[in-house]
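Both backbone and side-chain heavy atoms feed into the values below; hydrogens, waters and symmetry mates do not. All of these numbers come straight from a predicted model, not from anything done at the bench.
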Amino acid sequence: MTYNSEEMQQILEVAFKRQQDGEYTREQIREIALELGVSSESLQAAEHAWLKRVVEVKQGQMSNNQKRKEFKSHLFVFIAVNSFLVLLNLVVSPSYFWAIFPLLGWGLGLLLHGIKTYLSNS
């Protein structure tokens with residue numbers, strides 16, 4: 001039986017997935033690539049592309065963590081300042097609830113910040 005290159009690649013992917021969660025040294029990968037007829041230049045280019053993708057993923061994760069920290073900080077300041085404004089409003093002029101205006105305006109900004117932080121992919 002003969003296989004084309006795409007079928008060979010799919011068979012090898014299945015075989016690698018079935019293998020135990022072993023680790024491979026760079027030399028072992030180089031030997032496998034040579035057996036498969038992959039040039040060392042192609043292997044180096046593939047390794048470089050893979051490492052670049054890994055770095056990009058890690059930077060994205062760090063960026064997401066930073067965005068979440070910034071949102072939590074924003075939320076804490078929102079709660080602290082608006083609690084103070086509500087208390088001040090109740091003490092100074094309880095008949096007119098003016099603290100609702102900064103509460104709603106800032107709350108809208110906080111909502112948009114939360115949506116951007118937790119629901120967007122960027």
Residues R30 and E27 bridged, charged N to O under 4.0 Å: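 Here R30 pairs with E27 in a salt bridge, since their nearest N and O are under 4.0 Å apart.
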
Can you find a pair of side-chain heavy atoms, one from H74 and one from W106, that are under 4.5 Å apart?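 They are in contact (side-chain heavy atoms under 4.5 Å apart), so the answer is yes.
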
Within this structure, what is the [atom1]-[atom2] distance for the pair [X] and [Y], rounded to the nearest 0.5 Å?
X    : Y    : atom1 : atom2 : answer
K69  : T117 : NZ    : OG1   : 13.5 Å
I115 : L110 : CD1   : CG    : 10.0 Å
I29  : L34  : CD1   : CG    : 12.0 Å
S63  : K67  : OG    : NZ    : 4.5 Å
Q9   : L36  : CD    : CG    : 10.0 Å

For a quick test of your reading: what N or O donor-acceptor pairs under 3.5 Å do the side chains of residues 78-97 make, sequence neighbours left out?
from, atom 1, to, atom 2, distance (Å)
N82, ND2, F78, O, 3.0
S83, OG, I79, O, 2.6
N89, OD1, W98, N, 3.0
N89, OD1, A99, N, 3.1
N89, ND2, S93, O, 3.0
N89, ND2, S93, OG, 3.3
N89, ND2, Y96, O, 2.8
S93, OG, W98, NE1, 3.0

Which heavy atom of K72 sits nearest to which heavy atom of Y118, and what is that distance?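 Shortest heavy-atom contact: CE-OH, 3.9 Å.
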
Are L108 and L104 joined in one hydrophobic group, where the rule is that I, L, V, M, F, W and Y side chains link up if heavy atoms are under 4.5 Å apart?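 Hydrophobic grouping puts L108 apart from L104.
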
Looking only at atom types and distance, does a side-chain atom of E7 sit under 3.5 Å from a main-chain N or O of N4, one as donor and one as acceptor?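 Looks like yes, one N/O pair under 3.5 Å.
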
My understanding is that only residues two or more places apart in sequence, or in another chain, count here; which of them pass salt bridge (Lys or Arg N to Asp or Glu O under 4.0 Å) with E35?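 Counting only residues at least two positions away or on another chain, E35 forms no salt bridge (Lys or Arg N to Asp or Glu O under 4.0 Å).
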
